[in-house]
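The block underneath contains the structure these notes are about, expressed in structure tokens.
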Amino acid sequence: MTIGAIIVAAGSGERLGAGRSKALVDLHGRPIVDWSLSTFADHPGVEVIVVVAPSDAVDELTAGAAGRALVVPGGATRQDSVQAGLSALPAQVSHVLVHDAARPLVPPEVISSVIAALHAGLDAVIPVLPVIDTIKRVDANGVVQATVDRASLRTVQTPQGFRRDVLVAAHRCGHERERSTITDDAGLVEAIGRVVQTVPGSELAFKITTPHDLQLAYRLAGPWAYGAEPTQPRTGGLS
Ligand code: C5P
């Protein structure tokens, strides 16, 4: 088994309002994308990395990658960017991890869990967390229609791991049909009828979308940035 990682970093990051691509925004002196690039590059289970960059930042990110990854230009949608990454992976890569650059603090343990499940022979593996808020379905006027049972709901993170041929087939199908409501790779794999297995994710693998998320990442990344061991948040005496 040869594992390749695709780090998709070609989004515009409009909701962050930073005036430049989200993956290039500074987090303690390094672009956001560099955090997950380092984590994947240091992981012993990952052999090849492709970073999918905004087309005007390929040179900048190639210089920043310093030989740790191949950098290719992305596309208009996340799906297009993943496809660009897939095409750039060397032929010997049998399994693929697709990771959002917007999740810079993903712990190596989550990458290890996804890889372990691929080693166990699964076709598609995603890290998830339970839903902790109460979820309501509302109509266009904001009137509650139903309270959804959250027990079987999960929020989904990356890296998502796949057998390469399964992911390629899923993307091919996704391209042929309209799949605008599908926002992740596992959704495309589900759509071709393949089984997707979940493994535990991590609260640290949250996605930076808003300025608040960036603040949170900045605070959480502090200990790493200055060389200390990351610590778990205090529980305030609660156990
Ligand atoms: O927009 P969103 O935050 O859901 O994007 C998730 C990830 O997909 C981000 O890391 C973003 O850079 C990437 N992306 C991409 N190409 C696009 C759109 C998003 O690589 N066209």
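Model, not experiment: these values are computed from the prediction. Position 1 is the first residue of the sequence, and the numbers go up from there. For ligands, and for the atoms within them, numbers begin at 1 and follow the listed sequence.
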Distance from Leu105 atom CG to Glu203 atom CD, nearest 0.5 Å?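 It is 12.5 Å, given to the nearest 0.5 Å.
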
Hey, mind stepping through Leu167 and Val98 against side chain to side chain contact (heavy atoms under 4.5 Å, CB included) and telling me if it holds? CA-CA 10 Å; Leu167 185 59; Val98 183; 3.8 Å; yes

Main-chain N/O of Leu27 paired with Arg30 side-chain donor or acceptor, under 3.5 Å: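 No, Arg30 side chain to Leu27 backbone: no donor-acceptor pair under 3.5 Å.
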
Could you tell me whether the side chain of Gln157 and the main chain of Gly201 form a donor-acceptor pair under 3.5 Å?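 It does not hold such a pair.
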
Taking only residues two or more places apart in sequence or in another chain, which ones pass side-chain contact (heavy atoms from CB on, under 4.5 Å) with Leu16?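 Per chain and number, Leu16 pairs via side-chain contact (heavy atoms from CB on, under 4.5 Å) with Ala18, Lys22, Val25, Ile208, Pro211, Leu214.
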
For Phe162, run the side-chain contact (heavy atoms from CB on, under 4.5 Å) check against Leu122, Asp123, Asp185, Val168 and tell me which one passes.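 Of all the options given, the one that passes is Asp185.
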
Can you work out which protein residues put a heavy atom within less than 4.0 Å of ligand 1?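 Around ligand 1, where the cutoff is 4.0 Å for heavy atoms, the contacting residues are Val8, Ala9, Ala10, Gly11, Arg15, Lys22, Gly75, Ala76, Thr77, Arg78, Ser81, Asp100, Ala101, Ala102, Lys207.
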
